[in-house]
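First comes the structure, then the notes that go with it.
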Amino acid sequence: MPAKDTSPREKRRQLILDDFMNSVSEALVIYDHDLNFIEVNEVARKQIGLPRSKILGMNMRDLIPGVEKTKRYKKYMEVIRSGTAFEEEVQDHPFAPGRYILIRAFKIEDGLGITTTDITSSKLALATEQQLKKDLEFLKDSATALIEMSNEDELFQYTADTLREICGGCSTIVNIRDRSNKNILVRAHSLSKEQFRIARSHLGNRILGMSFPTYKNEKLLKSGKLVHLKDGLYDISSGKIPKAVCSSIEKLTGIKALYTLGFTREEVLFGNVLIFETDENRSLNSSLIKAFIRQVSIAIERIRTERALHESETRYNIAFATSPDAVNVNRLSDGMYVDINEGFTKITGYTREEIIGYTSLEKDIWVRPEDRQFLAKTLLNKGFVRNMETEFRMKNGDILVGLMSAHLYKHDGVDHIISITRDITSRKRAEEELRISEERYRVVARQTGQIVYDYDIESGRISWVGAIEEVLGYTQEEFAGVNIDEWEKMVHPDDVKAAVDNLQKAIDEKSPYDMEYRLQHKDGSYVDIEEHGLCIPDRGGERYRMLGSLADITQRNKYQESLKLAWEKARESDRLKTAFLANISHEIRTPMNAILGFSDLLMNPNISTANRADYIDMINKSSHNLLNIINDIIDFSMIETGQMQLYTGEFMPLNMMKELHATFRQQLELLGKEHLDLKLDIPAADDKLILVSDEERIRQVMTNLIGNAIKYTDSGEIRIGYRIGPQSQNRSKIEFFVADTGIGIPPENRELIFERFRQLDDSNTRRYGGNGLGLSISTEIASLLGGEISLESEVGKGSVFYFTIQDIPVSAEDTGKTEEESEKVGYPWEDKRVLVAEDVISNYHLIESMLDCTGISIDWARNGEEVLKLYHEGTKYDLILMDIRMPVLNGYEATAKLRKSDSKIPIIALSANAMQSEIDMSIEKGCNDHISKPISQQVLLETMDKYL
Ligand code: ADP
């Protein structure tokens, strides 16, 4: 160590040196020519790590260890000797292990100066730059290689191999997801021969194509980071391979660590790579790996897109070529055909040559050219047209209905239309035919009053057509939604079970079915329905439908019901007719027996005058009875055959009632019922009335009612009369009545007695005579006259029968006939002469005796010819009574002949036939009037009086 100069100058020099040394950022050491430390700056001191005082007493060789010591000594001594400085980069300098140090040695006056600079950071920066350059170079190459690849397998193998290279020889595996995205398959690897052998012995022959379950941690793989799999092989096998096997493979193959990285593009994970690290000390160039894998991901996507494009192009080409529909490409501006497929040629009949290069207008393809304008306009607005129905003209001129869809697209910058057209001509025709046929059966169904349905069993839907509104009141629209459940709700609750069971049975047995049930009408009422149906297979027997019809049979049922009633009635009336016949024969026999019996007795010349008078009286009564019966039978038959006619005229009901009163008074005497009081009850206010109706028929009804009253009354009184209601417009109500105090009629029989042949007592031992026709005939007559018969009665007390005509015309005119006038006292015809034409002598004598009281002169003609003869002989007759049935010349013929020469002489026809037709005939032949046989004296006199 040199002696210290302590002079001020020296001190200053020392201070400047110190400042200098410490201002240097590098470590600075100064040695003497023996390499003893002379000076160190603070940086160097820190590097050496000893106090300065200690260092300054040391030699370089004391501090540098081992071989380095000698090497360095030699180098430094050479600098001192030669004076040539040198620089040296040293790694792992004893004072700076792991760092790069730049040592500069230079000679100074009597020694050596050394500077050491830590150049680690600049050194490293350089290395990184170089690595980056290398990496870039590499990525450039790999990008070029990847771009050229078009085959996935080639790509995956390249990836495995290249990755192995990047990772400094690590084994690699490429896994790719299959199309289903469910499995991950090993598609390539770069295992060493030894590793492959070991893996195969554990995992089986096929390593490539081996499948793993889908990723456990997709998120991590998608992040694009290099992931260190902590559990190694066991981690990727997802527990499929036992942990022990995994670790054994790892041990055998020398695997120390396992890394993975995913192939991703826009969040889609295609697969991953696995890197097996066998060298613990190596660190992977993760940024290069990541960049490369990104490149591979892009390449995978590109290859796949290209493949998909290719496939779709192929598919399109196949579709274009093979489609049975017409596909054509046209220029938008003028419709020129650019391309067509075979379907087009088949459908239109044009060949390629005939159509390509021509416009659709030139070929006159569009039946309605405005359709093309519409198409072009829509395409320009929307870019596409779907299912446009239009008509095209084919080569042979036929019209085709097409369903067209079209798209607009640019080809070489020019707008084109690609369109596909389906020939729906036959479908349209079929639809039209179906529509017509449906319409036809809808009309038929409607016309025949039927509802026709088609029921799809599976869906429960029903379509209905026909007379829905007529039968059920709903419109077609209202009824359209009615399905099987709703139908069920409409069925009458009492019928629903049977109806549903029937339907189910038909479905189960696939059989036809018929049923009747009630269905609710829209207005709430129920309609009787008759249903016929058929269960038929649909869609090739896959399922079943039901076709059927409903008909409204309410009317038919009602009709059937009334038929049944009529039938029962007919049977009943048959029974009654039989009873009637029995009665009638009894009724006829009784008076006949009396007539015959008493007539026989009269033959005896020895009977007394008193007896004779009695017998004649009996014969007379019995004859009247018989006549009544015959009249009833005639009336009945006229009613039955609808021949009963009315003869309307004016009459005074008061007079009619007075006559009836008088007649029945007489009858009471004849019947020995004088004790009965027959009263005429007509209020004074009603006695002037004149009715317009058929007097005779009203009289007939009243006669019947009064006759019955007498018949069924033993004591007390019988009151007859009428009451008039208020008049309005010359019409009024009249109510005739017959009230008795007889046996009465029990309530349950009050309707029955008006029926034909009905007698309350129809036994053989009847107490009261009669044929059971009277009331039914009266009822019919009453109804013909516009009236009705009703009754009030109490058993044991009596009955009141009312004969009411509600709206009977009344005459405003008074006929002027007075009671006195109409009540004739006698017939003084002594100055008159009558000719009686009658072939039966007894009849002639009867007439003769009936006219005896009038003093009239009588001539007798036995037939028509005699009438003519007598008449023409010049005798003047005032009247002729003309029997109709006569030999030689009958009454009609005689009358007709007479009328030719004399239109004035009154002729009154006498006929046994009481039929109205007979009466009409006699009037027609020229007779003035008609009297039915047997002739009553009163009628005879009254009738003759009209003409004399
Ligand atoms: P008939 O010829 O038997 O009298 P009708 O048709 O006139 O036939 O009457 C039917 C039945 O009505 C009679 O058999 C009788 O039982 C009952 N009848 C009619 N009128 C009377 C009456 N005034 N009083 C009681 N019963 C009567």
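Indexing begins at 1, ligand by ligand and atom by atom, following the structure's order.
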Check residues 605-619 and write down every donor-acceptor pair under 3.5 Å in which the side-chain atom is one partner and the other belongs to a residue at least two apart or another chain.
residue: Ser608; atom: OG; partner: Asn611; partner atom: N; Å: 3.1

Got Leu846 and Leu940 here, is their nearest side-chain heavy-atom distance under 4.5 Å?
-> no
Should Cys927 and Ile907 count as side-chain neighbours, where that means a heavy-atom distance under 4.5 Å?
-> yes
Could you check if a side-chain atom of Asp920 sits within less than 4.5 angstrom of a side-chain atom of Tyr647, using non-hydrogen atoms only?
-> yes
Name the option, out of Ile753, Ile629, Asn749, Asn704, that contains the heavy atom nearest to atom 17 (C) of ligand 1.
-> Ile753
Taking non-hydrogen atoms only, is Phe754 closer than 4.0 angstrom to ligand 1 via side chain, backbone, both or neither?
-> neither
Between Asp740 and ligand 1, which part of the residue brings a heavy atom under 4.0 Å of the ligand: side chain, backbone, both or neither?
-> side chain
Pair listing, ring-ring contact (aromatic ring centres under 6.0 Å, His included) test, anchored in residues 833-867, at least two apart = Tyr844-Trp860
Ligand 1 to Gly774, heavy atom cutoff 4.0 Å, flagged ligand atoms 5 (P), 6 (O), 7 (O)
Contact atoms of ligand 1, heavy-atom distance to Ile743 under 4.0 Å = 25 (C)
Could Lys558 and Glu561 be called an ion pair, given the rule that one side-chain N must be under 4.0 Å from one carboxylate O?
-> no
For Tyr712, is at least one N or O under 3.5 Å away from an N or O on ligand 1?
-> yes
Please verify whether a non-hydrogen atom of Ser799 lies at under 4.0 Å from ligand 1.
-> yes
Which of these passes side chain to side chain contact (heavy atoms under 4.5 Å, CB included) with Asp740: Leu705, Thr713, Leu678, Asn708?
-> Thr713
Using a heavy-atom cut-off of under 4.0 Å, does the side chain or the backbone of Ile745 touch ligand 1, or both, or neither?
-> side chain
Ligand-side contact atoms (ligand 1) for residue partner Lys711, heavy atom cut-off under 4.0 Å | 1 (P), 2 (O), 4 (O)
